[in-house]
Number of protein chains: 2
Amino acid sequence: MMTSASELASLAGLLADETRAAICLALLDGRAWTAGELAAHAHVAPSTATEHLHRLVDGGLLTERRQGRHRYVQLAGPSVAHLLEDLAARLEPRQDPVLGLRAVTANAALRRGRTCYDHLAGRLGVAVTDAMTEAGLLDQAGGFALTRAGLGWLTGTLGLEPEDLAPGKRPLARGCLDWTERRQHLAGAAGAKLCQKFFDNRWVARTGSGRAVRLTPDGQAALHDLLGLAGID
Amino acid sequence: MMTSASELASLAGLLADETRAAICLALLDGRAWTAGELAAHAHVAPSTATEHLHRLVDGGLLTERRQGRHRYVQLAGPSVAHLLEDLAARLEPRQDPVLGLRAVTANAALRRGRTCYDHLAGRLGVAVTDAMTEAGLLDQAGGFALTRAGLGWLTGTLGLEPEDLAPGKRPLARGCLDWTERRQHLAGAAGAKLCQKFFDNRWVARTGSGRAVRLTPDGQAALHDLLGLAGID
DNA sequence: GAAACCGTTCGGCCGGCACCGAACGGTCGC
DNA sequence: GCGACCGTTCGGTGCCGGCCGAACGGTTTC
C-alpha cells in the first residue's frame, strides 16, 4: 500500500524532468534514436543524456540496442506510448471532439499525416478513422471498438492476418487523442497493423527524416476506392 | 514543441513525490478527504500536506471545497483517476489476463469488492463485468464496448437514464485494470452509473470508512436474477 | 469570551539530482 | 596502425524542493 506510493512516485519521476520528457516525446515517433541525436534534440551534453537514458532504461520505459559504436534507444512498447499520450492529452485544454464530423471528413483534404508511435495520426489518421466510422467499420459512440464488419474488412479487403487481430493483451482498437487535430484516431493493435499495411502497400511514405508521412498517388486511389475518401494531399 | 516537454515534466512532477503519490492514491476512492486526514495518511506534518495540496490543486489534479474549518479535497475528475490507474497498472508486472474466465465467474465467489474512483472494482467488479460479457452485454474482445443489448439492458432492466449514457466527452465503457485481481473491470460513464444504481438500490453498501463495499442480500438476489451470478459474499 | 481545533504561512535545514567538462575506452574509416 | 568519432565514467558545482517546528488566523464548542 505504502510501497506502491513510492513506486508510483519513481515512475512519475522518470518523466518529471524536462530533458527526459523531451526524450520520451521525441521517441513517440516509434523509431530508434541514437544517444547523440537525443542529446542534441534535448540540448544537453552527451554525458547528461547518458545518465537520463540509463534511468529511463532501468525504469522500463525504454529499451536499448547496442550496435557498433552507437546506442539505439526506443520506447519499450505500445503501453509506454499509450501512457505518454494520456499524459500529453491532459496538457492541452481539450475542445469539443464531436464537431462537424462529416464535413471534416468529406471535404477538407487530409493535408498532413504522420505516425504516432506505431499508427497513423494527423489529418490522415483522423480522416481514415472517421471514414471507417462512417462506413460502419468502427464504433466511436460506445467506447472505441471495431464492429464485426470492421474486423471482416481488415482481414478480408485489406488482407491482414486474423491472428494479428486476435484478442490479446493489447487492446484491439483504441482511441488516441491527436495533438494537432484534437480529435481521436485509431490506435491499438488494429491501428498498428493497419498502418503497417499502408506502408507495405506503399500507400503512404515517409517524407524526410521526421515522423511526417505523405499519401502516395496509389494511396489516394486506394482510400478513394475503399473508403470513399476524396481528400487530396 | 519544446514547451510541451516542460509541461509534461511539470505534470509528471506532481506525482513524482512519494507523499503526493500517496495522497492521490488515497483519493482514488473517489471521496473527499480533509487536509488533516491526508497528512496523517501520508505521515507528514500538516504544514507539509498543505504545500502538496496546493501544488496538486494548482496543477489541476485535485479540486478543493472549503467548508467551515475544513478543507475537503478530491480528484478533479474521472480523467485524473484514469491517469492514475494507467500509471499504477505499469507498476505491477501484469500477468495473463485471459485465464479461466468462466470458471472464475461462475464458481469462485465474489469475495470482496470495493470502489475504484466511481465504479465497482475488486472481485465484485470483475465478476459483474465478466457476467455482463457472458450475457452479451459487453464486448471485451474488440476493445471494451457496450453492445446494443448492453445499452438496452442498462436503460431498460436497470432503469438508467438514456441521456446519462449518451455519447459525450467521457468514454461510455472502458476497461480498468484491477490492482488485486489483475483483470479488467467496467469503468467509464456506464461503470459509474451502474455503480451508482447499485448503491441507490441498496445492492451494495460501504463497510466501515474505507473504499470496501459488500454485497447486500438484496444485491445477491438481484445479481442472481439479472446475470445468473451465484457467488456468495 | 476562552479554549480547542484545523489549517496556513514563514524561516531554516538538508538531501538529492541535473548539469557540465575533462579524461577514458571502445568502434569505424583511412 | 592512426586519427576521428561516439558514448561512458567521474568529480565538482549549484539549485530546487521536501521536510519540520513555531507562530498566526479563522472556525467551532462550551
Side-chain angles (χ1 to χ4, degrees), chain A residues 2-27 31-59 61-74 209, chain B residues 2-27 31-59 61-74 209:
Chain A
M2 205 54 197
T3 76
S4 161
S6 71
E7 291 171 13
L8 173 57
S10 309
L11 175 58
L14 292 178
L15 301 172
D17 174 79
E18 179 168 352
T19 300
R20 283 195 295 271
I23 288 175
C24 289
L25 289 179
L27 290 170
R31 296 190 287 180
W33 292 49
T34 67
E37 287 170 344
L38 289 171
H41 176 81
H43 303 111
V44 292
S47 58
T48 303
T50 293
E51 299 174 22
H52 288 307
L53 293 180
H54 265 142
R55 291 192 56 174
L56 289 170
V57 169
D58 288 346
L61 293 186
L62 267 47
T63 57
E64 63 181 13
R65 197 174 78 239
R66 309 284 179 138
Q67 197 167 304
R69 59 180 164 183
H70 291 283
R71 176 203 209 179
Y72 286 98
V73 166
Q74 61 182 28
S209 62
Chain B
M2 207 51 198
T3 77
S4 160
S6 70
E7 291 170 14
L8 173 57
S10 309
L11 176 58
L14 291 178
L15 300 173
D17 174 78
E18 178 169 353
T19 300
R20 283 196 295 272
I23 288 174
C24 289
L25 289 179
L27 290 170
R31 296 191 288 181
W33 292 49
T34 67
E37 287 170 343
L38 289 171
H41 176 81
H43 303 112
V44 291
S47 58
T48 303
T50 293
E51 299 175 22
H52 287 309
L53 293 181
H54 265 142
R55 291 192 56 175
L56 290 169
V57 170
D58 288 345
L61 293 186
L62 267 48
T63 58
E64 64 181 12
R65 198 175 76 237
R66 309 283 179 138
Q67 197 167 307
R69 60 180 165 186
H70 290 284
R71 176 203 210 177
Y72 286 98
V73 164
Q74 62 182 27
S209 63

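In what follows, chains carry the letters A, B, and so on, assigned in the order in which the sequence lines appear, proteins first and then strands, with residues in each chain numbered from 1.
- Regarding E18(A), its CD atom lies at a distance of 17 Å from the C1' atom of dG17(D), rounded to whole Å.
- Partners of T19(B) by side-chain contact (heavy atoms from CB on, under 4.5 Å), not counting sequence neighbours, listed by chain and number: D17(B), I23(B), A42(B), V44(B), H52(B).
- Separating the NE2 atom of H70(B) from the P atom of dG25(D) is a distance of 21 Å, rounded to the nearest angstrom.
- Look at CG on D58(B): it is 15 Å from C1' on dG17(D), rounded to the nearest Å.
- Rounded to whole Å, the distance from OH on Y72(B) to C1' on dG7(C) is 13 Å.
- Listed candidates were dA18(C), dT9(C), dT9(D). Nearest to the side chain of T50(A) is dT9(D).
- The shortest non-hydrogen separation linking C24(B) to L62(B) is SG-CD1, 4.5 Å.
- The R66(B) side chain lies nearest to dG7(C) when the options are dG7(C), dC19(C), dC19(D).
- Residue R55(A) has its side chain nearest to dC17(C) when only dT9(C), dC20(C), dC17(C) are considered.
- Rounded to the nearest 0.5 angstrom, L38(B) CG and T48(B) OG1 are separated by 13.0 Å.
- Note: CZ (R65(B)) to P (dC6(C)) measures 18 Å, nearest angstrom.
- Contact between G59(B) and L14(B) at its shortest, heavy atoms only, is CA-CD1, 3.7 Å.
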Once base and sugar-phosphate atoms are separated, protein heavy atoms under 4.0 Å mark nucleotides 21-28 of chain C, 5' to 3', with B, S and - as B-----BS

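- Between the axis at the start and the axis at the end of the helix from dG1(C)-dC30(D) to dT27(C)-dA4(D) there is an angle of 30°, using five pairs per end and rounding to 10 degrees.
- Across the interface with DNA chain C, nearest-nucleotide mapping of G36(B) and V44(A) shows G36(B) to be the residue nearer the 5′ end.
- Distance from the side chain of T34(B) is smallest to dG7(C) among dC19(D), dT8(D), dG7(C).
- As rounded to whole Å, 14 Å separates atom C1' of dG26(D) from atom CZ of R71(B).
- Side-chain N/O atoms of H43(B) include none lying less than 4.0 angstrom from OP1 or OP2 on dC19(D).
- In terms of heavy-atom proximity, P46(A) sits nearest to A39(A) at CA-CB, 4.1 Å.
- Atom CG of D17(B) and atom P of dC16(D) are 17 Å apart (whole Å).
- Per the geometry, CH2 belonging to W33(B) stands 16 Å off P belonging to dC6(C), to the nearest Å.
- Here H70(B) contributes atom NE2 and E37(B) contributes atom CD; the two are 8.5 Å apart, rounded to the nearest 0.5 Å.
- With distances taken from any side-chain atom of P46(A) to the nucleotides dT8(D), dC19(D), dT8(C), the minimum falls on dT8(D).
- Of the options V73(B), L61(B), L56(B), a side chain to side chain contact (heavy atoms under 4.5 Å, CB included) to L27(B) is made by V73(B) and by none of the others.
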Q74(B) vs T63(B), test: side-chain contact (heavy atoms from CB on, under 4.5 Å). Steps then yes/no. CA-CA 6 Å; Q74(B) 62 182 27; T63(B) 58; 3.8 Å; yes

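- For H54(B), the listed nucleotide lying nearest its side chain is dT9(C); candidates were dG7(C), dC19(C), dT9(C).
- Here the closest non-hydrogen pair linking A9(A) and E18(B) is CB-N, 3.5 Å.
- With hydrogens and angles disregarded, a donor-acceptor distance shorter than 3.5 Å links the side chain of R20(B) to the backbone of G13(B).
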